[in-house]
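Quick notes on the structure that follows.
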Amino acid sequence: MPDTNQQTAKQPDIKSRYNAKAYSAGSAISRLAASTIPRRNPAANDVQIEILFCGVCHSDIHQVRNEWKEVMPTVYPVVPGHEILGRVTQVGAAVTKFKAGDLAAVGCLVDSDRSCPQCQDGLEQFCPNAVLTYNGTDKHLGGVTYGGYSDSIVVDEHFVLRVPSNLDLAGAAPLLCAGITTYSPLRHWGVTKGKKVGVVGLGGLGHMAVKLAHAMGAHVVVFTTSPNKTEDALRLGADEVVVSRNNNEMQKHAGSFDFILDAVAANHDINAYINLLARDGNITLVGAPEKPLAVAAFSLIGARRSLSGSPIGGIKETQEMLDFCGTHNITADVEVIPIQKINEAYERMLKSDVKYRFSIDMASLKSE
Ligand code: NAP
Ligand code: ZN
């Protein structure tokens, strides 16, 4: 993950900002509650978006609760949300990609230096100066960036995505993180027809991985700790479902996978999955549990297997993913909630009780 804590803020200019409504948490043990945050007025290259829906990612919970303090400590108050979908309300004079009234989306990134080798390759997620959508350094107003649990956001047009018009809006919002975070490693590791692909954890990311890998033509096996998700997994596009607590079922797949995507948010035994890889197979972690995972050396050595990680995706690939989802009519399965239910939603996610992504209807913020 890029370092987002560099202090390069300019002196804020009061006239260049307005107040937006938001939901924020004041500390690692606070509930989220209504608040007001500053947003900049759109400059020449900026797009102002009225947020219609914002998906709820498990990363929001990790960061509200400061569970990633070793890597990216949370600055409070924090306004989470990086699965943002809305309608353009205003654009700056130099904006060419968008006009007022267009659908637009924003994911986990709102800026980068755009000159480093990573940016030149369209891989802004690896830019050392990338700015995350929330808890990143706000170069315009000072302090930190505020995310999508809000009624509006202002973002440089380079980091604003086009949304295919056929997609359901509430279900399309989660594509901006859960979609790209799974699409990118599936593409990177060459998932196509004829490949055997495992998906571990049928949550927000996992269920997107199943839909995407299925659309790419792979044979998809879901590993879940929740037996009651079996039918859903098959409906979402899995060819087989394994309840991972059943060791016999696990052993039937030993040494057989080309690729496994691990999207689990909590501590778990990753060796059980490494052993299911074929020779030269790869397992990629997208899940980011708070505590380190223990890896048995011989699980990797024995069959020249590899273990990787993958963060979100660059802007070019995010647009490619959205267009792919438009073509294949893929959106997240969502439970739409008002913002007032967000604290309850977090508790339910921690119990794996969401099918399969919460999407906040931001109109609910108007009554606050
Ligand atoms: P989520 O919706 O809460 O899903 C996580 C799933 O993990 C659960 O539905 C559950 O699936 C499984 N699980 C939970 N606790 C488990 C346990 N103790 N043992 C085994 N399995 C367990 O979360 P999400 O939003 O998809 O995010 C998943 C992880 O990816 C989080 O850590 C998040 O921060 C991370 N993330 C990373 C990136 C990145 O750039 N790499 C981007 C976004 C999110 P079953 O019920 O099927 O077992
Ligand atoms: Zn996310």
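Numbers here are sequence positions counted from 1. Remember, it's 1-based here, ligands and their atoms both numbered in the order they're listed. The structure presented is a predicted model; accordingly, all values stated were derived computationally and were not measured.
- In this structure, Arg357 is part of the shell of residues with a heavy atom less than 4.0 angstrom from ligand 1.
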Under the criterion side chain to side chain donor-acceptor pair (under 3.5 Å), I'd like the reasoning laid out for Tyr18 against Ser152: C-alpha separation, chi angles, the key distance, then a yes or no. CA-CA 10 Å; Tyr18 69 98; Ser152 69; 2.7 Å; yes
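- Between Phe223 and Phe257, the distance from one ring center to the other falls under 6.0 angstrom.
- Shown in contact with Thr224 at under 4.0 Å from a heavy atom are these atoms of ligand 1, numbered in order with element: 45 (P), 46 (O), 47 (O), 48 (O).
- Under a cut-off of 6.0 angstrom, the local environment of NE2 in His62 is crowded, with over 12 non-hydrogen atoms contributed by other residues, nucleotides or ligands.
- Applying the 4.0 Å criterion to heavy atoms of Val286 picks out, from ligand 1, the atoms 30 (O), 35 (C), 36 (N), 37 (C), 38 (C), 39 (C), 41 (N).
- Remark: ligand 1 atoms within the under-4.0 Å shell around heavy atoms of Val264 are 7 (O), 13 (N), 16 (C), 20 (C), 21 (N), 22 (C).
- Per-residue contacts place Trp68 under 4.0 angstrom from the following atoms of ligand 1 (heavy atoms of the residue considered): 34 (O).
- At least one side-chain heavy atom of Met349 sits under 4.5 Å from a side-chain heavy atom of Ile61.
- Nearest heavy-atom pair across Gly147 and Arg39 is O-NH2, 2.9 Å.
- For Tyr356, no nitrogen or oxygen atom sits less than 3.5 Å from a nitrogen or oxygen atom of ligand 1, counting backbone and side chain alike.
- For the side-chain contact (heavy atoms from CB on, under 4.5 Å) with Met208, the qualifying choice from Val199, Asp333, Ile330 is Ile330, the only one to do so.
- At least one N or O atom of Leu202 sits closer than 3.5 Å to an N or O atom of ligand 1.
- Using a 4.0 Å cut-off to heavy atoms of Ile312, the atoms of ligand 1 that qualify are 39 (C), 40 (O).
- The Zn ion (ligand 2) has an N, O or S atom of Cys57 under 2.8 Å away, backbone or side chain.
- The N/O atoms of Thr225, backbone and side chain alike, include one that comes under 3.5 Å of an N/O atom in ligand 1.
- Inclusion of Leu205 in the set of residues having an N or O under 3.5 Å from an N or O of ligand 1 is warranted.
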Hey, mind stepping through Asn246 and Asn248 against side chain to side chain donor-acceptor pair (under 3.5 Å) and telling me if it holds? CA-CA 6 Å; Asn246 182 332; Asn248 283 345; 4.8 Å; no
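- Within the 4.0 Å heavy-atom shell around ligand 1 one does not find Tyr346.
- Of all non-hydrogen atoms in Leu176 and Ala105, the two that sit nearest each other are CD2-CB, 3.7 Å.
- For Ala263, every heavy-atom contact with ligand 1 shorter than 4.0 Å involves the backbone, none the side chain.
- In this structure, Arg187 is positioned above the aromatic face of Phe324, its NZ or CZ under 6.0 Å from the six-membered ring centre and within 45° of the axis.
- Atoms of ligand 1 found under 4.0 Å from any heavy atom of Gly204, numbered from 1 in the order shown, are 1 (P), 2 (O), 4 (O), 26 (O).
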What verdict does the side chain to side chain donor-acceptor pair (under 3.5 Å) test give for Lys196 and Ser256, after you've listed the backbone C-alpha separation in whole Å, the side-chain angles of each residue and the deciding distance to 0.1 Å? CA-CA 8 Å; Lys196 185 173 174 184; Ser256 68; 2.8 Å; yes
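- Counting heavy atoms only, Ala266 comes closest to atom 17 (C) of ligand 1 of the residues Ala266, Gly55, Gly309, Pro227.
- Residue contact annotation: Cys177 places an N/O/S atom under 2.8 Å from the Zn ion (ligand 2).
- Residue-level proximity to ligand 1 for Ser244 is absent, since no heavy atom of it falls below 4.0 angstrom.
- Residue contacts with ligand 1, taken as heavy atom pairs separated by less than 4.0 Å, involve His62 solely via side-chain atoms from C-beta onward.
- Per-residue contacts place Ser226 under 4.0 angstrom from the following atoms of ligand 1 (heavy atoms of the residue considered): 45 (P), 46 (O).
- Under a 3.5 Å cut-off, the side chain of Thr145 and the backbone N or O of Thr133 do form a donor-acceptor pair.
- Within ligand 1, counting atoms from 1 as listed, the ones closer than 4.0 Å to a heavy atom of Lys229 are 9 (O), 11 (O), 45 (P), 46 (O), 47 (O).
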Which is it for Asp138 and Tyr146 under the side chain to side chain donor-acceptor pair (under 3.5 Å) test, yes or no, and what are the steps along the way? CA-CA 9 Å; Asp138 189 329; Tyr146 296 125; over 6 Å; no
